[in-house]
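Given the structure is predicted, the values throughout are model-derived calculations rather than measurements.
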Amino acid sequence: MGIRSTSVSDAVAVLDERSREIFRRIVEGYLESGEPLGSRNLSRLLPMSLSPASVRNVMSDLEELGLIYSPHVSAGRLPTQIGLRFFVDAFMQIGDLSAEERANIDRQVRAESGGNPVESMMNEASRMLSGISRGAGLVITSKSDPVLKHVEFIRLEPTKALAVLVGDHDQVENRIIELPAGVTSSQLTEAANFLNAHMSGQTLPELRKQLSLLKDDVRHELDALSRDLVERGIAVWAGSPDEGKPAQLIIRGRANLLEGLGGAEDLDRLRMLFDDLEKKDSLIEILNLAESGSGVRIFIGSENKLFSLSGSSLIVAPYRDDDDRIVGAVGVIGPTRLNYSRIVPMVDYTAQLVSRLSRNPL
């Protein structure tokens, strides 16, 4: 009977005391060192008296169940992905954080780093999670509309321009927009000057609303091509009203994921992970993962299609706004041998802290 076709409780019932102890030691050894454990070393570690031959027999049964495997002939055993999931669900003890650990997380997330206080908090949360996990800290947050300071259009091609948008905290956003046929450089300048004259202290949606009220002024101040350019630029920046605000991804500690990589194949898998994370669909996917259950969710390797090729694990928890709506997520990405029992309560507490602080920015 394989673990694949049983529940956790059924699988626990299949294993006797010594099988559970041997399995637990193999997994804990892997999580600590990444190295396989052999029968001789295991027989020395066990609280009960078992010969290496008896240990090998138990390991063979565990291998048949799909919980462990041998990376090569005459080697020790490592947990499979199914074995790791089984361990997390059936054996892992998750404790609470100490007062000192909570205070340390509070101090790091609240660290002053200038600029937008909410954005600074998210950056610090991502950096802190990276530091405690030795993986990559991840934060996904709804992107607020910046108050505008300045806009500029830079021609790239006859029918394309780069729109440079500067916010009130000196955030800079770049967007490539399509130009109407025949637009001239002077019309680009004219459109930018018009926007700069009317945008002071406003967000893009507010400016867009004001422009509709100033339609007559626009008609007199700009010719048809410049008017079209303004409308196209604002549409691109503000996004479709039906889609809601775009998501923003913050990742710190990518270099941690490079530690211990075995070769070109591992690097390729890591590149795939980073490429996937940059896609908007991946942000939606992670938010959906966080939203699909209460509290912290753990996804190991190919359990999540986002990481099916990179073989990474994700520990993620949602955070909420004043109306208790999920507006983002915090988490850790790392190898499958993350210290789950230590990281899970830290991710959980960080999500709760970010929820509180985002409602009342520093």
Measuring from [X]:[atom1] to [Y]:[atom2], what's the distance to the nearest 0.5 Å?
X: Met121; Y: Ser126; atom1: CE; atom2: OG; value: 12.0 Å
X: Leu129; Y: Gln108; atom1: CG; atom2: CD; value: 9.0 Å
X: Met346; Y: Ser341; atom1: CE; atom2: OG; value: 10.0 Å
X: Leu357; Y: Gln352; atom1: CG; atom2: CD; value: 11.5 Å
X: Leu31; Y: Leu84; atom1: CG; atom2: CG; value: 6.5 Å

With sequence neighbours left out, which residue pairs that include part of residues 23-34 fulfil the salt bridge (charged side-chain N to carboxylate O under 4.0 Å, His left out) condition?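 The answer is Glu21-Arg24, Glu21-Arg25, Arg24-Glu28.
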
Can you sort out the partners of Ser185 under side-chain contact (heavy atoms from CB on, under 4.5 Å), two or more places apart, ordered by chain and number? Arg155

Taking side chain as C-beta onward, heavy atoms only, is Thr336 less than 4.5 Å from Gln81?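 Side chain of Thr336 against side chain of Gln81, heavy atoms only: no contact under 4.5 Å found.
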
Please report the closest heavy-atom contact between Tyr69 and Pro79, naming both atoms and the distance.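 Residues Tyr69 and Pro79, closest heavy atoms: CE2-O, 3.5 Å.
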
Distance-minimising heavy-atom pair for Val332 and Ile343: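 So the minimum-distance heavy-atom pair works out to CG2-CG2, 4.0 Å.
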
Qualifying side-chain hydrogen bond (donor to acceptor under 3.5 Å, both in side chains) pairs, either residue in residues 94-103, two or more places apart: Asp96-Arg102, Ser98-Glu101

What I want to check is whether the side chains of Asp348 and Thr350 have a donor and an acceptor closer together than 3.5 Å. no

Check the side chains of Ser54 and Asn57 for a donor-acceptor pair under 3.5 angstrom, ignoring hydrogens and angles. no

Mind checking what makes salt bridge (Lys or Arg N to Asp or Glu O under 4.0 Å) contact with Glu63, not counting sequence neighbours?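 Partners of Glu63 by the salt bridge (Lys or Arg N to Asp or Glu O under 4.0 Å) criterion, ordered by chain and then number, come out as Arg77.
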
Give me the ring orientation class for Phe86 and Phe23: parallel if the planes are under 30° apart, tilted from 30 to 60°, perpendicular past 60°. tilted

Write out all pairs satisfying ring pair (Phe, Tyr, Trp, His ring centres under 6.0 Å) with one or both partners inside residues 328-355, taking only residues at least two apart or from two chains. none

For Arg107, check side chain to side chain donor-acceptor pair (under 3.5 Å) against everything at least two apart and list the hits. Asn104

